[in-house]
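One structure below.
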Amino acid sequence: MEAIIGVAIGITVGVSVLLEVVKQTVGGINERYLPLVSMLLGVIVAVVANLIPELELNISWLGLVVAGGIAGLSASGLYDLTDKTVLNRKK
């Protein structure tokens with residue numbers, strides 16, 4: 001369990017950056033689908049991170065999906081927090 005949380009924490013910022021890139025490039029994504037897109041990005045990043053042999057994550061595929069989902073939802077919350085407070089954008 002600690003490994004799953006560690007991976008989720010490690011990739012949250014990267015997923016947050018990727019979410020911003022996707023939002024800026026695609027442009028037409030409905031706001032209510034952003035958490036789902038963020039979760040999918042988290043899972044993709046976790047699986048790709050597992051394919052890098054230098055990282056030696058030693059987590060099952062189900063654990064990677066869970067870690068990616070946690071990272072994606074965390075990144076989505078991090079995005080909302082910075083969007084509404086630091087960048088002072090109001091919707």
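Ala71 and Val15 make their closest contact through O-CG1, 4.4 Å (heavy atoms, listed as atom of the first residue, atom of the second, distance). Scanning all heavy atoms of the two residues, the minimum distance from Val43 to Gly69 falls at CG2-N, 3.9 Å. Smallest separation of non-hydrogen atoms from Ile59 and Leu64: CG2-N, 3.7 Å.
The hydrophobic clustering, which links ILVMFWY residues whose side-chain heavy atoms are closer than 4.5 Å, places Leu51 and Ile4 together. A continuous path of hydrophobic side-chain contacts links Val22 to Ile11 [ILVMFWY only; heavy atoms under 4.5 Å]. A continuous path of ILVMFWY side-chain contacts below 4.5 Å connects Ile70 to Trp61, so both sit in one hydrophobic cluster. Connection of Val47 to Val66 is established within a shared hydrophobic cluster, with ILVMFWY side chains joined at heavy-atom distances below 4.5 Å, either directly or through further cluster members.
Without hydrogens or angle criteria, Ser76 side chain to Gly72 main chain gives no donor-acceptor distance under 3.5 Å. Side chain of Ser16 to main chain of Thr12: no donor-acceptor pair is present (N/O by atom type, distance under 3.5 Å, no hydrogens or angles).
The CE atom of Met39 lies 13.0 Å from the CG atom of Leu19; values are rounded to the nearest 0.5 Å.
Residue Leu18 is tested with Val13, Val37, Leu41 for a side-chain contact (heavy atoms from CB on, under 4.5 Å); the sole match is Leu41.
With sequence neighbours excluded, the residues forming a side chain to side chain contact (heavy atoms under 4.5 Å, CB included) with Val48 are Ile44, listed by chain and number. The side chain to side chain contact (heavy atoms under 4.5 Å, CB included) test applied to Ile52 returns Glu54, Leu55, not counting sequence neighbours.
Proximity of Leu73 to Ser38: side-chain heavy atoms (C-beta onward) are nowhere separated by under 4.5 Å.
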